[in-house]
Amino acid sequence: MESVCDGLTPYLVRFRTQHPLFRIPELESIADMFDLSLKYDQEKVNAVSAPLGSRDQSPFMKVWLPNREAVTKIAERAVGLQTFYELIGSGTTFEELEVSIASCHPRHQARLLDGTTFKILVEPFGRKFTPEEQKDLIGTLFFLPLWDTAKVSLSNPERCYHLILDIGVGHPDSRAAVPRRIYFAESIAEGSLPLIDKFDVKKRDYIGTTSMDSELSLFVANQAQARPGDLVYDPFAGTGSLLLTASHFGAMTLGGDIDQRVLQGKDANNVFSNFAQHHMSDRLLGLVVSDSARPPWRTAPVIDAIVTDPPYGVRAGARKVGKKRKTLVKEAQGTAKPKPNVRAWEDPTHITQCVAYEVNEVLHDLLAFAARMLRLGGRLVYWLPTTNDYCDENLPKHPCLTLVANSEQPLTMRWRRRLITMKKTREWDRSLDTLAPEEYGQQGSLAHENLAAKWMKDVSRSAQSRGAESPQTLSEPDVGKLSLDEPPNLP
């Protein structure tokens, strides 16, 4: 009989191939947003989250949800999910599968006998089967009652069943490999793969060198639980990739950035034109030229989610308003030329003088801002580039914020990027502003410190191993082209 977990219904999930460490956090976040009871097979967590290409890897996991309506709600948003199935039977052999189907839930038995048209697809993981082999595999399901009560319709079936063989990868001879698990299930919902294409960066009117790709932006929106009625803010908005996907799910969005040029856009294209392109102009409240080190907002917990990809100094270092060293020296010597008191709103071409904004300060200020401005239960979701030297002690902390998820995206053998999700679980009070940066965590040798220097060192080492010119001689424009999205070829 069908197993029961707190009155919930079992379903089978197949995740997409990419980003295995994002799968379960996204599933949990969406279920929590809709207040859905969700249980899943804890023994499968390691297999579902295993690195791509490892022998333990599996895209399948059994989950328990209240009903099909809950399945639909999750599938309409999830981008890490490929298909939801209603599980009818499973086993390690075809004999076990037959016994499992024979004792399946009466709901499934009735469907197998109701005479609706159907087709059966063979869905393997770990190898390919020829059409002849697929026919033979379907033939092993001779015991199914639907062969006698229903008709096959390959073009327009009322139900689509799947014979799923989880074989796994990394076998010396996949053709001789025995399936780890065999499932028979009916597909009932597909994930939101079309959204990835809809918001493809290449299709936008306005992009920049650091525009976040659509799939990762959608992951951010789901971790932030963006929904109708929410106010979502990005303090490092850039070209607005994260705001765009949050708005797709109904949120009202607001962006800030210290670089007025990126907000103004070029050749009549800007962040606003991207929203207009997707018919969501009414969901972008505005863009504010602002310094994240000195936020212009009155302290009030009115923001539902903060989403951001701060600049950490690899492609474009973070900046904050301040006087450069040479300016301070000239002022001290009395040789500085007097300048008019320029107001930015009076001269749109004026560029405010800025100085470097160290990564420790960026994170300290970001968490402090989130603690002040998020509503209780609101979320902070941000990207943290790091290296393989990362440890959990590196993460910044705040008394008002609790870590919810920490998902890693490997870029190279050495470089990683992490999506950090935090939830506000305590009301902010002014005494917390006196905490020193070290009291916010970021302990020990930080893997996210001096990223630009580490990047150049890796590129230099790689060039020397090839006998090429050392990148230490690169001009400043060349250095600006370096990006975590374009990792170096390491030896």
Exercise. Nearest heavy-atom pair of Leu97 and Tyr183: which atoms, and what distance?
Worked result: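 Answer, listing the atom of Leu97 first, then Tyr183: CD1-C, 4.3 Å.
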For this session: Heavy atoms only: give me the nearest Gly89-Ile101 pair and the separation to one decimal.
Result: CA-CG1, 4.0 Å
Exercise. Between Phe219 and His19, what is the ring plane arrangement, given parallel below 30°, perpendicular above 60°, and tilted in between?
Worked result: perpendicular
For this session: Could you label the plane-to-plane angle of the His162 and Tyr85 rings as parallel, tilted or perpendicular, counting under 30° as parallel and over 60° as perpendicular?
Result: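 His162 and Tyr85: perpendicular rings.
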Exercise. So, Ser241 and Arg204: side-chain donor and acceptor under 3.5 Å apart, yes or no?
Worked result: yes
For this session: Would you check if there is a donor-acceptor pair between the side chains of Glu28 and Tyr40 at a distance under 3.5 Å?
Result: yes
For this session: Please indicate whether Gln42 has more than 12 foreign heavy atoms, meaning atoms of other residues, nucleotides or ligands, lying under 6.0 Å from its CD.
Result: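 Atom CD in Gln42 is crowded, with more than 12 foreign heavy atoms closer than 6.0 Å.
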Exercise. Are there more than 12 heavy atoms of other residues, nucleotides or ligands under 6.0 Å from atom CG of Asp35?
Worked result: no
Problem set entry | Cation-aromatic face contact Arg283/Phe275, 6.0 Å, 45 degrees | no
Problem set entry | Partner residues of Tyr233 under the ring-ring contact (aromatic ring centres under 6.0 Å, His included) criterion, sequence neighbours left out |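 With neighbours one apart ignored, the set is Trp297, Phe369.
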Exercise. For Ala70, what residues pass the side-chain contact (heavy atoms from CB on, under 4.5 Å) criterion, not counting sequence neighbours?
Worked result: Leu36, Leu65, Pro66, Asn67
Problem set entry | Result of checking Lys62, Arg127, Arg180, Arg181 against Asp166 for salt bridge (charged side-chain N to carboxylate O under 4.0 Å, His left out) | Arg180
For this session: Report the C-alpha distance between Glu186 and Arg68 in whole Å, list the side-chain angles of each, state the deciding distance to 0.1 Å, and finish with yes or no for salt bridge (charged side-chain N to carboxylate O under 4.0 Å, His left out).
Result: CA-CA 12 Å; Glu186 178 188 353; Arg68 282 201 181 191; 3.8 Å; yes
